[in-house]
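First comes the structure, then the notes that go with it.
Chain letters run A, B, ... following the sequence lines, proteins first and then strands; every chain starts at 1. Model, not experiment: these values are computed from the prediction.
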There are 2 protein chains.
Amino acid sequence: MKQLSPIGPEGAIFHDLLIIPGHSEKPLLDGAIYIKGSDIIDVGTLAEVESRNPSSPKVSMKGYLACPGLVNAHTHASMSFFRDLGHDRVLPTTPGNSMIEDFFFPSEKELTADLIEPLAYSYLVDGLKSGVTFFGDAYFFARGTCQAIDRLGVRGAVAEHHADLGGPLPAGRELWKKTKAWIEDWDFPTITPVVYAHAADTVSREFMNELNDFAVQNQLPFHMHLSQTSGERDRVLTRERMSPVAFAKECGVLRPKTLLVHLLSADEQDIKLLADSGATAGLCPVSEILYEHAPLGRQFVEAGIPIALGTDCAASNDGSDILNEAKVFGLMLRMQGLDHSKSSPHFLLDTITKNGAEALGSPWVGAIKPNKKADIVFMKTGLGVEPQSDPMVNFFYTMGAKQVRHVMVDGQWVLVDGELAKVSEADLRDQFIQALKEIKSRTNLPMTVPTA
Amino acid sequence: MKQLSPIGPEGAIFHDLLIIPGHSEKPLLDGAIYIKGSDIIDVGTLAEVESRNPSSPKVSMKGYLACPGLVNAHTHASMSFFRDLGHDRVLPTTPGNSMIEDFFFPSEKELTADLIEPLAYSYLVDGLKSGVTFFGDAYFFARGTCQAIDRLGVRGAVAEHHADLGGPLPAGRELWKKTKAWIEDWDFPTITPVVYAHAADTVSREFMNELNDFAVQNQLPFHMHLSQTSGERDRVLTRERMSPVAFAKECGVLRPKTLLVHLLSADEQDIKLLADSGATAGLCPVSEILYEHAPLGRQFVEAGIPIALGTDCAASNDGSDILNEAKVFGLMLRMQGLDHSKSSPHFLLDTITKNGAEALGSPWVGAIKPNKKADIVFMKTGLGVEPQSDPMVNFFYTMGAKQVRHVMVDGQWVLVDGELAKVSEADLRDQFIQALKEIKSRTNLPMTVPTA
């Protein structure tokens with residue numbers, strides 16, 4: 001399509017757009033965005049943008065809405081091989097009742113570095129087609145995840161999994177040495193390196209301090225599961241004589257630029273600690289409802305704790321459509337009795353743009369504003385979603401992933417007409433299928449390997 | 001596209017399909033469907049179907065899933081002019097607190113028959129693009145809704161709105177005479193006529209009996225709002241000295257082939273009455289959560305009451321994506337503590353296929369089985385949703401409206417590659433915009449009329 005040819009060195013003004021800018025700014029009903037290189041240079045009416053940037057090429061996007069590339073703040077993309085299998089925590093091959101210990105761990109023991117990149121493709125592609133341009137991912141052999149993100153042309157904040165007190169694979173101090181060296185030679189320009197501790201019960205106090213100190217010294221974001229289950233809470237209470245959240249506070253983790261995920265077993269005292277800290281709560285409502293119980297959304301909102309949403313992983317959600325996650329979160333907050341004004345569409349948009357971007361040390365994404373990176377989702381509007389009398393309400397309660405048509409990241413097209421623009425989906429799928437075959441033969445999971 | 005040319009008189013076998021048959025039947029991983037005229041003739045493996053129907057043309061649908069056309073059991077399609085405006089029940093023009101009396105009624109007073117067909121297009125198109133082929137609609141001037149359904153080539157069970165004790169427009173006995181005459185000369189072959197009473201507080205005992213008697217005598221489905229709000233409950237308690245559900249029972253309405261919608265103010269005794277009756281509960285979870293409170297889903301499931309889902313209307317949902325409605329319903333049931341096994345994907349599928357079709361007197365739709373009508377949704381599978389180790393789980397928790405590509409109704413294509421096949425969307429939109437302009441000038445709603 002001519003109108004979606006690459007942007008030349010002189011940049012381009014995309015106009016005739018309904019723009020959802022983010023950062024609680026009002027939608028622009030007939031807006032224009034000037035993009036040059038990898039950046040958003042200017043936003044306004046066409047007359048304004050043209051007068052400030054004369055003789056730039058113009059591209060009409062009539063019939064489209066533009067929103068910031070969406071941030072999926074907590075994912076484990078390569079766990080796509082568990083897709084469909086985690087529901088009800090019962091597997092033919094693992095009759096026990098612990099999803100993590102009887103199901104995830106034995107399978108994950110079989111992972112090797114070479115499988116991570118292809119195993120991530122499925123989850124990332126589903127996310128991208130749903131408007132996600134930024135993945136806050138953490139998993140084993142994270143270089144593979146970075147390679148997958150890079151290959152699709154999207155963006156992220158990626159962390160190597162660390163845990164010195166258990167887990168399926170060695171992920172303690174030996175690995176951490178290598179991770180530090182990798183971070184020092186970081187070679188993924190559109191991916192932010194992140195320090196990640198798996199959880200309060202799988203990471204010792206000493207290791208947690210070491211990880212956190214490195215993050216503070218190097219101004220890196222810190223990402224972890226915290227108070228994920230009542231089991232974790234019990235284990236940390238026994239080991240540390242305090243709650244997981246209190247333990248995290250003692251380790252210095254409760255501070256801005258940390259993303260603390262799930263918090264399902266947090267109590268009132270924990271919520272007070274969180275509220276005073278500037279840390280962001282990472283919630284994965286669908287995963288949590290299916291796997292454990294609904295997140296403490298109302299309590300966190302009322303305590304003023306910033307919230308970033310994630311879709312977690314294919315074992316427990318199972319897709320990576322973060323826009324629908326936000327709709328579900330909004331409905332859940334209403335069910336929990338939160339005052340309606342506190343779950344406004346602007347609030348919901350922050351949970352899938354700004355809040356995750358900031359917590360994950362990447363404030364250059366998450367809004368359509370000058371000086372932000374040109375990560376933009378173009379969604380088809382038209383008859384089925386009209387009238388758009390309140391475009392913010394419309395965005396969450398009428399529109400959805402089915403409207404996502406074109407996506408730009410870093411000023412380059414990564415999805416055009418719903419199809420991947422930078423890489424052949426057929427090639428990715430072939431490699432994904434090969435990796436599934438391999439993991440199936442190693443794990444004996446009751447997995448259906450697709451036919452090529 | 002050649003493969004989606006019209007089916008000839010000899011019929012066609014669509015094969016290489018992952019088939020979700022409905023009626024709790026197991027998915028067919030590599031299935032074939034033989035369609036002839038408007039009917040599904042045969043379903044099985046390609047070898048089976050070919051051997052039973054030799055020399056029929058074959059069409060490979062590799063990479064697609066086929067599911068039954070989805071049933072959206074409770075809609076008011078023409079209310080699309082309220083889209084985005086019903087949230088929080090607050091409108092600049094109507095500072096009161098009753099959405100129905102201060103907002104809907106004054107606007108609906110301005111409706112005329114000519115506006116209903118074009119006003120329905122938006123909602124029906126959004127539904128069709130989300131896989132809905134059957135709309136259980138009830139509204140004023142319902143012939144217009146039938147014309148809109150007919151024009152798109154979809155199907156439904158449509159009712160004229162009746163209420164003799166209030167409401168924005170006269171809808172009592174005078175109208176009912178005309179409705180009866182219309183039903184006797186019914187001229188929409190793919191639409192089932194339905195008898196509809198607006199609600200227990202807006203319909204007198206005498207009128208309710210009259211409506212219900214006609215439905216029973218003519219074996220027509222009966223559709224109504226019941227126990228929609230605490231206000232309705234209070235008014236009926238005052239007027240009839242019994243609950244709305246008990247009143248409906250006395251009028252003979254609690255029986256198979258009735259669809260009783262919302263039931264938000266039903267109590268335990270009411271639920272017992274419903275459970276013994278064979279009537280179907282029509283629930284609209286998103287609309288109910290946003291407008292009132294979550295439906296009594298767990299109680300109805302535990303009482304064994306059949307449930308059919310609807311999306312209600314654009315004032316309170318706001319889209320018509322019934323597949324996502326079912327996902328939200330499944331999550332809501334988990335939040336309400338329902339035993340996991342009772343909200344299985346097979347259960348959820350029944351709520352958006354079989355249960356609505358049966359309650360609305362149209363058991364010829366809602367499954368991919370021999371002798372059902374050929375109403376089929378073809379959804380694109382592939383990398384983003386794989387592996388599909390449990391296709392039923394995958395259907396609800398990974399797939400979504402964004403996968404809907406082609407839709408067939410009555411053996412004819414109505415959506416191809418995501419675009420309307422029987423009618424120009426641009427023409428529909430022009431007429432929709434004209435109708436919006438007209439309703440805006442009459443009502444002074446704070447509505448944004450799209451530009452052509």
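- For the set B:D126, B:V393, B:L383, the entry with the most heavy-atom pairs within less than 4.5 Å of chain A is B:L383.
- Taking CG of A:D321 as the start and CG of B:N324 as the end, the distance is 8.0 Å to the nearest 0.5 Å.
- Side-chain contact between A:T448 and B:Q388: absent, with no pair of heavy atoms (C-beta onward) separated by less than 4.5 Å.
- A:D84 contributes a side-chain N or O that, together with a main-chain N or O of B:S389, makes up a donor-acceptor pair within less than 3.5 Å.
- Taking CG of B:N317 as the start and OH of A:Y397 as the end, the distance is 10.0 Å to the nearest 0.5 Å.
- If you measure heavy-atom distances from A:V328 to chain B, the contacts under 4.5 Å come from the side chain alone.
- Chosen from A:V125, A:T398, A:V449, the residue pairing most often with chain B at heavy-atom distances under 4.5 Å is A:T398.
- Within the 4.5 Å cutoff, the side chain of B:K402 has no heavy atoms near those of the A:V404 side chain.
- Of the residues considered (B:K327, B:M392, B:M399, B:Q403), B:K327 shows the highest number of contacts with chain A, using heavy-atom pairs under 4.5 Å.
- Residues B:S80 and A:P387 approach most closely at O-CD, 3.4 Å, considering heavy atoms.
- Both the backbone and the side chain of A:L331 come within contact range of chain B, with heavy atoms under 4.5 Å apart.
- Separating the CG atom in B:D30 from the OG1 atom in A:T451 is a distance of 7.5 Å, to the nearest 0.5 Å.
- The backbone N or O of A:E386 lies less than 3.5 Å from a partner atom in the side chain of B:R83, making a donor-acceptor pair.
- Of the listed residues (B:L29, B:L124, B:V385, B:I433), the greatest number of heavy-atom pairs within a distance under 4.5 Å of chain A belongs to B:V385.
- Contact tally against chain A (heavy-atom pairs below 4.5 Å) for B:L128, B:T381, B:L436: the top residue is B:L436.
- Chain B forms the most heavy-atom pairs under 4.5 Å with one residue out of A:S130, A:P285, A:G319, and that residue is A:G319.
- Under the 4.5 Å side-chain criterion, counting only non-hydrogen atoms from C-beta, A:D318 is not in contact with B:N394.
- If you take CE on A:M332 and CE on B:M332, they are separated by 14.0 Å, rounding to the nearest 0.5 Å.
- No side-chain heavy atom of A:L85 sits under 4.5 Å from any side-chain heavy atom of B:D390.
- Note that CD1 of A:I289 is 5.0 Å distant from CE of B:M335, once rounded to the nearest 0.5 Å.
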